[in-house]
Number of protein chains: 2
Amino acid sequence: MKKQERDHEQCQGMIVPVRDAIDVLSGKWKLPIIIALGFGNKRFGELAKEIPGITDRMLSKELRDLEMNQLVKRTVYDTMPVTVEYSLTDYGSSLDKVVDELRKWGVQHRKRIMKGV
Amino acid sequence: MKKQERDHEQCQGMIVPVRDAIDVLSGKWKLPIIIALGFGNKRFGELAKEIPGITDRMLSKELRDLEMNQLVKRTVYDTMPVTVEYSLTDYGSSLDKVVDELRKWGVQHRKRIMKGV
DNA sequence: CGGTATCCCTGAGGATACTG
DNA sequence: CAGTATCCTCAGGGATACCG
């Protein structure tokens, strides 16, 4: 096999899974929600406070998406009025390292921008 | 300071930089382009071949975005007809670990989906 | 070869009001 | 409290054609 062919296959081997990940995590809000839940289970209103700028509508929608992808678990307590608690699943927690690298890069990026490069 | 306040601040300290990163890397195509260039400098047509499904228009637009953010460098060679080569900047290469964690997670995710969980 | 110009459409995301 | 309902805007992205 030629070098270009090897390169091409290796390249696809990276691009395809990364695109799978992007598809699940797409949008402005999913990672912030996952991060917030990483600090402990939270109720709807608590999440809304923790995530700057999100509307109720988007929070509701994104939580549903994350629940469908089994990254987040929704638990309803039969109190009066009802309380609902959101938590990360183990699968959601497996994004830990991704989030951490993204955070580290983001910190460096912000520094760079601030210096006005 | 109370525990909730500490948690809140720590949480913001993660969310804000991650959102900075998301803003720069947003969309379906930027990370795939960066990955492809990680395998070596490439010309427009080579990139188009390497990235499944991208249109010329999107490739052109995304390359401009990445160039503006100094993740990618564009070099024009004065041949006939002109050839243009794209390469990762050092800054672009600094996304290395982010991409790798995303790839690892994506591989696991694909396995999980395939099992039909 | 390495793009641009147009046109178009969907869906992400925002604003506001309302409900059990 | 934990959302829905409704309406709206805009940008991401696709298709096709064309250009130096």
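Residue numbers begin at 1 in each chain, while the letters A, B, ... track the order of the sequences. These values consider heavy atoms only, across backbone and side chains, with no hydrogens, waters or symmetry-generated copies.
Checking A:Ile54 against A:Pro81, the closest nucleotide of DNA chain C that is more toward the 5' end is the one next to A:Ile54. Judged by closest nucleotide on DNA chain D, A:Lys49 is the one of B:Gly27 and A:Lys49 placed further toward the 5' end.
Contact annotation: B:Thr83 does not reach the phosphate of C:dG2 (side-chain N/O to OP1 or OP2, under 4.0 Å). Phosphate proximity of C:dT4 to B:Ser60: present, with a side-chain N or O under 4.0 Å from OP1 or OP2.
The B:Asp56 side chain lies nearest to C:dT4 when the options are C:dT4, D:dT4, C:dG13. You'll find that the side chain of A:Met58 is closest to C:dG14, out of C:dG14, C:dG2, D:dG14. Out of D:dG14, C:dG13, C:dG3, the shortest distance to the side chain of B:Trp29 is found at D:dG14. Nearest to the side chain of A:Phe44, among C:dG14, D:dT4, D:dA2, sits D:dA2.
Between A:Tyr77 and A:Val84 the shortest side-chain heavy-atom distance does not fall below 4.5 Å. The shortest side-chain heavy-atom distance between A:Glu67 and A:Asn69 does not fall under the 4.5 Å cut-off. For the pair A:Tyr91 and B:Arg112, the minimum side-chain heavy-atom distance is below 4.5 Å. Proximity of B:Ile33 to B:Leu59: side-chain heavy atoms (C-beta onward) are separated by under 4.5 Å at one or more points.
The CD atom of B:Glu62 sits 17 Å away from the C1' atom of C:dG2 (whole-angstrom rounding). Atom pair B:Leu47:CG and C:dC1:C1' shows a separation of 14 Å (rounding to whole Å applied). Summarising the geometry, the separation between CZ on A:Arg57 and P on D:dT6 is reported as 12 Å, rounded to the nearest angstrom. Between the CE atom of A:Met80 and the P atom of D:dC1 there is a distance of 14 Å, given to the nearest Å. The distance from atom NZ of A:Lys61 to atom P of D:dA5 is 15 Å, rounded to the nearest whole Å. Taking atom OH of residue B:Tyr86 and atom C1' of nucleotide C:dG3, one finds them 8 Å apart after rounding to whole Å. Put simply, CG on A:Leu59 is 10 Å from P on D:dA2, counting in whole angstrom units. What separates CD1 of B:Ile22 from C1' of C:dA12 is a distance of 14 Å, to the nearest Å.
In this structure, A:Arg110 forms no cation-pi arrangement with A:Trp105, as its terminal cationic atom is not both closer than 6.0 Å to the ring centre and no more than 45° off the ring axis.
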